[in-house]
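Data first, discussion second: the structure below is written as structure tokens.
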Amino acid sequence: MNFTEFAAPDFDLVMTLNSGQVFHWQRARAGFVGTIGQYAIYAEQDDVLKVRFGGTPKPTRGTRVLPRIVAHYFALDHPLADICHSFPDDAVMNDARDFCRGLRIIRQPKWECLATFICSSMKQVAHIRQISLALRRCFGEQRTIDDRMVYTFPAPQRIARASEKQLGQCKLGYRAKNLRATAQLLTSGDSDLEAWSALPDTELGQKLCALPGVGPKIANCVMLFAYERLRAFPIDVWIERVLRQQYFARRKKITTRQLREFSQTYFGEHGGYAQQYLFHHARMNGRNGSAPSRSSGARSSLRKTG
DNA sequence: CTCCAGGGATGAT
DNA sequence: ATCATCCATGGA
């Protein structure tokens, strides 16, 4: 009933939404409810990707462009076979690639992505989901899709004028002042996320890192998930474990700087995709990364490190 | 370079 | 019911 259908080969909706890149989609019926920008969406997948739009006001005027918005958001145009083919050919990467078949790096709205990742620091995925949903419930606009309520992500202006206390009630802790300060920089016009799209990777990273609460890790997440910089390689504790244990198993003193240089060169032009596959594979399979687990131990498969 | 604040879910005892 | 563990940034 009323589905818009997409042929979506090489796309796995569940894995994509559960891979730690986006935090607001919630299970409903046979799929998920969430928002894409201002639109409330229900999405499920069997043979094809099926999407239903909801919400008030009803999307009558833009009906024809809505499918484009969905296809763009889920990055159905990414040449996944080519991307996977560009990964380095080593045992660790091959395992991750097989495991993550159909996982896509989606295109998130810039502010929503930045704000969510500012809130993600020192938090685990379960926490981030709660913070994201609390912010939306508190400050966003309510939409309905089928019988479910979802909330849009609040604009920077809304966050900027929220009180510390209100923000604190969303369980942000010390992140509240960073989020608010960043929102104020954006509303004042001192920083312009859209204009930064034109910047090369390095400059974009510097602009992002200058925002309160944004360091290298979060900057790289935002570059990868909102700016389509598919080389961006966020290094969190999971990825750091993978790199140290799988790629530098024999060496002792490897600095963060060295890991960063290695990740920028070794994983190639779609390093961000490689990172996401390694991250999701590690999170789903390794309890802490200390387990040798099945199939071959950690063999250091280094080629061309520098 | 090192040290440490920060806090709530999660899993182990 | 306690207890340990997980986590990124920024400032001392």
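Basis for what follows: all heavy atoms, side chains included, without hydrogens, waters or symmetry-related copies. This is a predicted model, so every value here is computed, not measured.
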Once side-chain contact (heavy atoms from CB on, under 4.5 Å) is applied, do any residues pair with A/Ala219, and if so which ones, sequence neighbours excluded?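 If we apply the side-chain contact (heavy atoms from CB on, under 4.5 Å) test to A/Ala219, skipping adjacent residues, the hits are A/Leu208, A/Cys209, A/Val214.
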
State which residues pass side-chain contact (heavy atoms from CB on, under 4.5 Å) with A/Ala210; sequence neighbours excluded, sorted by chain then number.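 With sequence neighbours excluded, A/Ala210 shows a side-chain contact (heavy atoms from CB on, under 4.5 Å) to no residue whatsoever.
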
Any chance you could measure A/Asp89, atom CG, to A/Asn94, atom CG, to the nearest 0.5 Å?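 One finds 5.0 Å between CG of A/Asp89 and CG of A/Asn94.
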
Round to a whole Å and report the spacing from [atom1] of [X] to [atom2] of [N].
X        : N      : atom1 : atom2 : answer
A/Asn178 : C/dG10 : CG    : P     : 7 Å
A/Gln124 : B/dG8  : CD    : P     : 14 Å
A/Glu240 : C/dC6  : CD    : C1'   : 14 Å
A/Arg241 : C/dT5  : CZ    : P     : 13 Å
A/Lys123 : C/dC7  : NZ    : P     : 12 Å
A/Phe117 : C/dT9  : CZ    : C1'   : 15 Å

How would you label the contact of A/Asp236 with the nucleic acid (heavy atoms, under 4.0 Å): base, sugar-phosphate, or nothing?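 It contacts sugar-phosphate atoms only.
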
Which residues satisfy the ring pair (Phe, Tyr, Trp, His ring centres under 6.0 Å) test with A/Phe267, sequence neighbours excluded?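 Ring pair (Phe, Tyr, Trp, His ring centres under 6.0 Å) list for A/Phe267, sorted by chain: A/Phe233, A/Tyr247, A/Phe262.
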
Ring pair (Phe, Tyr, Trp, His ring centres under 6.0 Å) with A/Tyr151: which residues, sequence neighbours excluded?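 Applying ring pair (Phe, Tyr, Trp, His ring centres under 6.0 Å) to A/Tyr151 gives none.
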
Counting N and O atoms only, with roles assigned by atom type, does the side chain of A/Arg97 sit under 3.5 Å from a partner on the main chain of A/Tyr277, one being a donor and the other an acceptor?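 Such a contact is absent between A/Arg97 side chain and A/Tyr277 backbone.
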
I'd like to know if the side chain of A/Asp146 reaches the main chain of A/Arg148, judged simply by a donor and an acceptor atom lying under 3.5 Å from each other, with no hydrogens or angles considered.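 A pair under 3.5 Å: no.
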
Stretch residues 126-137 of chain A: residues that reach within less than 4.0 Å of DNA chain B through a heavy atom: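 Output list: A/Ala126, A/His127, A/Gln130.
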
In residues 205-232 of chain A, which residues come under 4.0 Å of DNA chain B by heavy atom?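 DNA chain B contact set from residues 205-232 of chain A: none.
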
Side chain to side chain donor-acceptor pair (under 3.5 Å) for A/Gln142 and A/Arg137? Distances and angles first, verdict last. CA-CA 8 Å; A/Gln142 192 180 99; A/Arg137 266 197 275 268; over 6 Å; no

N or O in side chain of A/Trp238 less than 4.0 angstrom from C/dC6 OP1/OP2: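 So the side-chain polar atoms of A/Trp238 never come under 4.0 Å of the phosphate oxygens OP1 or OP2 of C/dC6.
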
With sequence neighbours left out, write down each residue that passes salt bridge (Lys or Arg N to Asp or Glu O under 4.0 Å) with A/Glu5, or none if nothing qualifies.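 Once residues adjacent in sequence are excluded, A/Glu5 has no partner under the salt bridge (Lys or Arg N to Asp or Glu O under 4.0 Å) criterion.
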
Which residues pass the salt bridge (Lys or Arg N to Asp or Glu O under 4.0 Å) test with A/Arg231, not counting sequence neighbours?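 Per chain and number, A/Arg231 pairs via salt bridge (Lys or Arg N to Asp or Glu O under 4.0 Å) with no residue.
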
Sequence neighbours left out, what pairs pass ring pair (Phe, Tyr, Trp, His ring centres under 6.0 Å) with at least one residue falling in residues 113-149 of chain A?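 Every ring pair (Phe, Tyr, Trp, His ring centres under 6.0 Å) pair that includes a residue of residues 113-149 of chain A, provided the two are not neighbours, is A/Phe23-A/Phe117, A/Phe117-A/Phe225.
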
Below 4.0 angstrom, which residues in residues 161-176 of chain A have at least one non-hydrogen atom near DNA chain C?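 Heavy-atom contacts with DNA chain C come from A/Tyr174.
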
Applying salt bridge (charged side-chain N to carboxylate O under 4.0 Å, His left out), which residue pairs with at least one partner in residues 177-191 of chain A are found, sequence neighbours left out?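 Only A/Glu164-A/Arg180 qualify under salt bridge (charged side-chain N to carboxylate O under 4.0 Å, His left out).
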
For DNA chain B, the dot-bracket pattern of Watson-Crick and G-U pairs whose distances stay under 3.5 Å, | for other-strand partners: .||||.|||||||

Same apolar cluster (I L V M F W Y, side chains within < 4.5 Å links), A/Met284/A/Val237: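 Not linked; separate clusters.
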
